[in-house]
Amino acid sequence: MDTQYKKYLWSALSITTLGAFMAGLDARIVVVGLDVIISSLKADLEQGLWFTQAYMLGSTLMLLLAGKLADLYGRVKLYAYGFVLFTIGSALSGLSLTPTHLILSRFFQGIGSGILTTLSAAIITDVAAGGPLAFALSINALAFRIGSILGLTASGLLIYFFGWRSIFYVNVPVGLVGFYLTLKRLKEVYKPSEKPRIDWLGFSLITLSLLSLLLALTIYAYGLAYRSLTELLAVISLLSFLGFVVVELKTRYPLLDLSLFKIWSFTGGIIAQLLNAVAFGAVMLLLTLYLEIVLGMDPLTAGIHLLPFELSFLVFGLISGRLSDKYGYTRFALAGLIVGSFAQFLLAGITKETPLNVVLFYSMILAMGNGLFMSPNTSSIMASVPPNRRGIASAIRSVIFNVGMTISLNISVLLIASKIPYSLVTRLLIGAETMTGDAEVSRGLLAESIGYAFKVLGIINLSAAVFSITRLKTPQNTGQIKQLSEISIE
């Protein structure tokens with residue numbers, strides 16, 4: 001690896017990880033301050049969920065289009081626009097006066113996040129393919145987690161001294177710096193080879209399908225009164241998806257190249273990621289509810305206690321990324337799923353009386369497992385596809401991850417609500433239950449319901465191991481990956 005290439009590699013990593021840093025910061029910054037925002041805007045639990053879900057929805061709906069545009073026109077300029085949209089969405093979120101305003105602003109912010117998430121992995125793969133790919137992607141994951149750590153700690157400080165709006169305003173200067181550096185220092189390594197044709201019918205159908213699916217998953221958690229609407233949305237999602245598949249098979253310029261799913265390293269990795277996202281997506285919410293509601297911690301104290309969780313993910317994510325480049329991706333992904341599932345089964349037994357250090361130790365084991373899994377599995381997915389499909393492959397990976405996260409949040413709410421009344425969870429969130437004599441009993445019930453959620457999520461996580469086992473003997477498809485010496489950065 002020559003000096004000029006190495007210099008550009010680290011330059012590209014620093015800029016793409018800045019986008020990951022922003023995404024990580026904002027994903028966690030709302031979780032810790034959720035009860036404060038709900039109380040300030042006089043929202044309920046349903047609207048509070050949408051403060052997170054709207055962001056996820058906007059991001060998910062943009063992913064496939066962003067990936068396709070990146071494969072047709074290149075990555076760099078579109079990545080810069082992602083910073084712009086994310087920054088504007090952050091500013092609007094900070095200015096929100098009503099729950100609806102914040103939900104819409106978070107949706108817009110999520111669109112920018114979708115671009116950053118999709119293209120950061122594609123840009124890194126373009127530059128690091130044939131070399132330290134897993135390690136480079138683990139650095140990208142590291143940036144996300146550093147953002148998460150600051151989201152957990154800095155958000156408590158910002159809320160305490162400046163109010164909850166400041167947790168959104170903090171993104172504005174970072175986003176402006178990211179936009180400038182992208183245009184100033186990134187060069188377009190990937191050279192598009194296809195005609196710039198976009199399948200707008202396919203995009204419309206998959207957007208309708210994803211929108212209906214995510215709405216159905218979220219509304220399903222609201223209770224029996226919404227079941228008819230949920231079923232209607234589910235039918236619309238299924239029909240739209242079937243229509244999308246038919247269109248993609250017939251059109252000359254499909255939005256999604258379905259032939260990618262013939263590559264088992266890609267398909268098995270995608271399925272494993274979906275199941276892991278379902279199992280892991282709500283972990284931070286569950287831990288936050290336990291610390292803040294069951295144990296009565298304030299956001300800052302809870303954030304500090306979650307630091308070991310995040311640090312464990314960071315350390316083992318880097319170790320796994322470095323070693324998997326040398327010894328193979330899938331075996332580390334498999335080990336991570338087994339360790340993570342074991343930790344979730346341990347957390348299934350927590351109660352209000354469980355010693356805090358025990359809960360934190362279990363959470364560190366869980367983070368260790370997910371750290372071992374994440375970057376090797378991502379690398380196996382990205383390394384299995386040809387260069388002119390990396391944008392859309394990254395988009396599929398991100399869509400699957402977001403859908404899994406959404407399912408996870410709603411499954412967790414449903415699992416908690418199956419053990420404790422939904423209305424009681426809302427009263428605990430806004431602090432109303434502290435005024436009753438049954439507060440301690442209610443917190444005890446919430447702790448047990450959180451443990452039950454961990455048990456079910458652990459089973460789901462363990463099922464993902466099947467799709468890692470089946471890829472152990474599948475060789476990486478590196479035949480179409482350019483070697484480092486062949487990439488021009490001039």
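Position 1 is the first residue of the sequence, and the numbers go up from there.
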Practice task
List the steps, then state whether side chain to side chain contact (heavy atoms under 4.5 Å, CB included) holds for Ser204 with Thr207.
Solution key: CA-CA 5 Å; Ser204 300; Thr207 298; 5.8 Å; no

Exercise for the section: Please test His305 against Val359 for side chain to side chain contact (heavy atoms under 4.5 Å, CB included), starting from the C-alpha separation and ending with a verdict. Expected result: CA-CA 10 Å; His305 279 84; Val359 176; over 6 Å; no

Problem - Residues Phe332, Phe316; criterion side chain to side chain contact (heavy atoms under 4.5 Å, CB included); working and verdict - result: CA-CA 11 Å; Phe332 284 92; Phe316 285 93; over 6 Å; no

Exercise for the section: Kindly determine whether Met368 and Phe313 satisfy side chain to side chain contact (heavy atoms under 4.5 Å, CB included), including the steps that lead there. Expected result: CA-CA 5 Å; Met368 177 180 72; Phe313 185 97; over 6 Å; no

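What you find for Ser341 and Leu337 is that their closest heavy atoms are OG-O, 2.8 Å. Residues Tyr362 and Ala343 share a closest heavy-atom pair of O-CB, 3.7 Å. Across all non-hydrogen atoms, the minimal contact from Phe86 to Gln109 is CD1-O, 3.6 Å. Residue Leu287 comes nearest to Ser363 through the heavy atom pair CD1-CB, 4.0 Å, listed as atom of the first residue, atom of the second, then distance. Residues Asn461 and Gly340 come closest through the heavy atom pair ND2-C, 3.7 Å. Of all heavy-atom pairs between Ala464 and Ala272, the closest is CB-O, 3.7 Å.
Side chain of Arg443 to backbone of Leu295: no donor-acceptor contact under 3.5 angstrom is found. The backbone N or O of Ser209 lies less than 3.5 Å from no partner atom in the side chain of Ser212, so there is not a single donor-acceptor pair. Remark: side-chain polar atoms of Gln273 are paired, donor with acceptor, to backbone N or O of Arg397 under 3.5 angstrom.
Once rounded to the nearest 0.5 Å, the distance linking CG of Leu116 with CG of Leu18 reads 8.5 Å. Rounding to the nearest 0.5 Å gives a distance of 10.5 Å between CD of Glu448 and CD1 of Ile350. Rounded to the nearest 0.5 Å, atoms CG (Leu306) and CE (Met297) are 8.5 Å apart. Here CG of Leu445 is found 11.5 Å from OG1 of Thr351. Values are rounded to the nearest 0.5 Å. In this structure, Thr267 OG1 and Leu260 CG are separated by 8.0 Å, a value rounded to the nearest 0.5 Å. Rounded to the nearest 0.5 Å, atoms CZ (Arg165) and OG (Ser93) are 10.5 Å apart.
The environment of CZ in Phe261 is crowded: more than 12 heavy-atom neighbours from other residues, nucleotides or ligands sit within 6.0 Å. Heavy-atom contacts from other residues, nucleotides or ligands closer than 6.0 Å to CZ of Phe241 number 12 or fewer. Environment of CZ in Phe203: crowded, with over 12 heavy atoms of neighbouring residues, nucleotides or ligands closer than 6.0 Å. Heavy-atom contacts from other residues, nucleotides or ligands closer than 6.0 Å to OH of Tyr452 number 12 or fewer.
Taking the ring centroids of Phe107 and Tyr55, they lie at or beyond the 6.0 Å cut-off.
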